[in-house]
Amino acid sequence: FLAVGFYDGTILILDSTTLETIPGGEFSHAKALITQLAFSHDSIFLAATDLDDTTTLIKRTSDSEHEWSYIGRNKAHYKSIVNIIFGIALDSNVPRLLTLGMDRNFG
């Protein structure tokens, strides 16, 4: 997969071979410029940050490439988000989403 974020907050999920938008792979929940995108290690989750200092989470709902769903948005920082990364929980293969903000907090 390949993800692209736009100035208007739109996120597109593309087929990495054809560069075509995957049906159902367009999300317009953010209203500000997308600043960062990150996939989890297993490509099941996609997280995006925007200029409103919020994080959007999208999940692949099945093994089919065409089924992605919006999980939600969270504003955990009061200053801009510097980095977004997926880690792996200890003793499991479960992805954990971490954000670091200019406010020096982890989200």
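One hydrophobic cluster holds both Phe27 and Phe1 under the rule that ILVMFWY side chains link at heavy-atom gaps under 4.5 Å. By the rule that hydrophobic residues join a cluster once side-chain heavy atoms approach within less than 4.5 Å of another member, Ile71 and Ile44 end up as members of one cluster. Linking ILVMFWY residues whenever their side-chain heavy atoms come closer than 4.5 Å, directly or via other members, places Leu51 and Tyr7 in the same cluster. Both Ile11 and Phe39 sit in one connected hydrophobic cluster of ILVMFWY residues. Membership requires side-chain heavy atoms under 4.5 Å apart, directly or through other members.
Other residues, nucleotides and ligands contribute over 12 non-hydrogen atoms within 6.0 Å of the CZ atom of Arg73.
The CZ atom of Arg96 lies 11.5 Å from the CD1 atom of Ile88; values are rounded to the nearest 0.5 Å. To the nearest 0.5 Å, atom CD1 of residue Ile58 and atom CD1 of residue Ile13 are 5.0 Å apart. Leu37 contributes atom CG, which lies 10.0 Å from atom CG of Leu12 (distance to the nearest 0.5 angstrom). Once rounded to the nearest 0.5 Å, the distance linking CG of Asp8 with NZ of Lys31 reads 9.0 Å. Taking NZ from Lys75 and CG from Asp53, the interatomic distance works out to 4.0 Å, rounded to the nearest 0.5 Å. The CG atom of Asp50 lies 8.0 Å from the CG atom of Leu33; values are rounded to the nearest 0.5 Å.
Judged purely by distance below 3.5 Å, without hydrogens or angles, the side chains of Asp52 and Thr54 never pair a donor atom with an acceptor atom.
In plain terms, the two heavy atoms of Ile34 and Ala48 that are nearest each other are CG2-CB, 4.2 Å. Ile84 approaches Leu97 most closely through the heavy-atom pair CG1-CD1, 3.7 Å. Closest of all the heavy-atom pairs between His77 and Gly101 is CE1-N, 3.3 Å. For Ala47 against Leu57, the heavy-atom pair with the smallest separation is CB-CD1, 4.3 Å. Minimum interatomic distance between Asp103 and Ala76 (heavy atoms only, all atoms of both residues): OD2-O, 4.4 Å.
Using a distance-only test at 3.5 Å, with no hydrogens or angles considered, no donor-acceptor pair links the side chain of Gln36 to the main chain of Ile85. Thr61 places a side-chain N or O within 3.5 Å of a backbone atom of Glu67 that can act as its donor or acceptor partner. A donor-acceptor contact shorter than 3.5 Å is absent between the side chain of Thr49 and the backbone of Thr35.
Looking at Trp68, Tyr70, Phe45 one by one, the single match for side-chain contact (heavy atoms from CB on, under 4.5 Å) with Lys59 turns out to be Phe45.
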Evaluate the side-chain contact (heavy atoms from CB on, under 4.5 Å) criterion for residues Asp42 and Asn93: first the C-alpha distance (whole Å), next the side-chain angles of each, then the deciding distance (0.1 Å), finally the verdict. CA-CA 9 Å; Asp42 53 7; Asn93 202 24; 5.6 Å; no
